[in-house]
Amino acid sequence: MNKSPGTREEKREGIKKRIRMIGFVSLCLFVLYGLLIIGFGHVTKYSIADLCVVLGSKVNEDGTLSDRLKARLDKSIDLYNKAYFNKIIVSGGLGREGFEEAEVMRLYLLKNGVEEGNIIVDNNGNNTFMTAKFTAEYMSDKNYETVLVVSQYFHLFRTQLILKKLGVKNVKCASPAFYESVDFFSVVREMAAILKYLLI
């Protein structure tokens, strides 16, 4: 006996409803995942640490700091002056503009009162993992236990995750109160980067 058109139509509608439901649930999970990353960067608390690591960012074509990088360094300088730590790692690679990010960062810290002996330069911090790897190895060599990470709020979750995977148990985080319109895309990129790191 052939099934009635109405029955076939009901099945099609049922499939469409399931697809819509899956799409809705996926969207909710996507939003919650993004909010988790954003929230972590805003609620995380920092305290006194053995050292600080400032992750690099773009240097302008004229050699000046981008606003984002300046905000990170200003935050680290403020915490340094408040005696949250004595040592600062500046980490970054050679940018497309032709400048070593870490060296430009070092010069900015010097101009703003950080003693040269308290600055550690990592010129191979081309990505978050390389920065974390250098930091973990430096801490192991110096028998340091606590690090305070300074970066943008959306970057902190992944940075802490990688450092802990590399054996750094006590990771604190701080971010500057600096926001840009491109932050939305940065959050989405972080979401993908975290998944890639966890799955690969």
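The model shown is predicted, which means the values in this text are computed figures rather than measured ones.
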Colleague: Is M105 reachable from L79 through a run of I, L, V, M, F, W or Y residues, each pair having side-chain heavy atoms under 4.5 Å apart?
Modeller: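 Linked, L79 and M105 end up in one cluster.
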Colleague: Which heavy atom in N127 sits nearest to a heavy atom in M130, and how many Å separate them?
Modeller: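 Taking every non-hydrogen atom into account, OD1-N, 2.8 Å.
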Colleague: Are I120 and F134 close enough, and set up right, to give a side-chain contact (heavy atoms from CB on, under 4.5 Å), and what steps lead you there?
Modeller: CA-CA 11 Å; I120 302 98; F134 177 90; 3.9 Å; yes
Colleague: To the nearest 0.5 Å, what is the distance between CZ (R106) and CD1 (I119)?
Modeller: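 Answer rounded to 0.5 Å: 6.5 Å.
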Colleague: Mind checking the CG-CG spacing from N124 to L94? Nearest 0.5 Å is all I need.
Modeller: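 If I round to the nearest 0.5 Å, the distance is 10.5 Å.
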Colleague: Kindly give the heavy-atom pair with the smallest separation between V168 and V171, and that separation in Å.
Modeller: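 The answer is O-CG2, 3.5 Å.
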Colleague: For the pair D74 and I77, evaluate side-chain contact (heavy atoms from CB on, under 4.5 Å) and give the outcome as yes or no after the intermediate values.
Modeller: CA-CA 5 Å; D74 286 343; I77 292 167; 4.3 Å; yes
Colleague: Looking only at heavy atoms, which two atoms of F85 and I88 are closest? And how far apart?
Modeller: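 Scanning both residues, the minimum pair turns out to be CE1-CG1, 3.5 Å.
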Colleague: If you take all heavy atoms of R72 and V150, which pair is closest and at what distance?
Modeller: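 Scanning both residues completely, I find the closest heavy atoms to be O-CG1, 3.4 Å.
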Colleague: Please test L156 against S175 for side-chain contact (heavy atoms from CB on, under 4.5 Å), starting from the C-alpha separation and ending with a verdict.
Modeller: CA-CA 8 Å; L156 297 178; S175 63; 4.0 Å; yes
Colleague: Calculate, to the nearest 0.5 Å, the distance between atoms CG and NZ belonging to L148 and K75 respectively.
Modeller: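 If we round to the nearest 0.5 Å, L148:CG and K75:NZ are 9.0 Å apart.
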Colleague: Indicate whether the side chain of Y144 and that of N170 have a donor and an acceptor atom separated by less than 3.5 Å.
Modeller: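 Checked: Y144/N170 side chains show no N/O donor-acceptor pair below 3.5 Å.
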Colleague: For a quick test of reading the model, state the closest non-hydrogen atom pair linking N123 to A102 and the distance between them.
Modeller: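 What the structure gives for the nearest pair is OD1-CB, 3.4 Å.
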Colleague: Between atom CD of Q152 and atom CD of E190, what is the distance when rounded to the nearest 0.5 Å?
Modeller: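 Output value for this atom pair is 10.5 Å.
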Colleague: So how far is it from Y153 OH to C173 SG, rounded to the nearest 0.5 Å?
Modeller: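 Answer rounded to 0.5 Å: 15.0 Å.
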Colleague: For N118 and Y80, test the side chains for any donor-to-acceptor distance below 3.5 angstrom and give the result as yes or no.
Modeller: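 Short answer, yes.
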Colleague: Decide if atom CD1 of I48 counts as having more than 12 heavy atoms of other residues, nucleotides or ligands within a radius under 6.0 Å.
Modeller: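 No, CD1 of I48 has 12 or fewer neighbouring heavy atoms, counting only those of other groups under 6.0 Å.
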Colleague: Within a 6.0 Å radius of atom CD on E115, are there more than 12 heavy atoms belonging to other residues, nucleotides or ligands?
Modeller: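 No, the 6.0 Å shell around CD holds no more than 12 heavy atoms from other groups.
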Colleague: Tell me whether K133 is salt-bridged to D122, with the criterion being a basic N under 4.0 Å from an acidic carboxylate O.
Modeller: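 D122 and K133: not salt-bridged.
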Colleague: Which atom names give the shortest non-hydrogen contact between S186 and R68, and what distance separates them?
Modeller: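 Closest pair (atom of S186, atom of R68, distance): OG-NH2, 3.6 Å.
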Colleague: About how many Å separate NE2 of H155 and OG of S57, when rounded to the nearest 0.5 Å?
Modeller: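 So the OG of S57 and the NE2 of H155 are separated by 9.5 Å.
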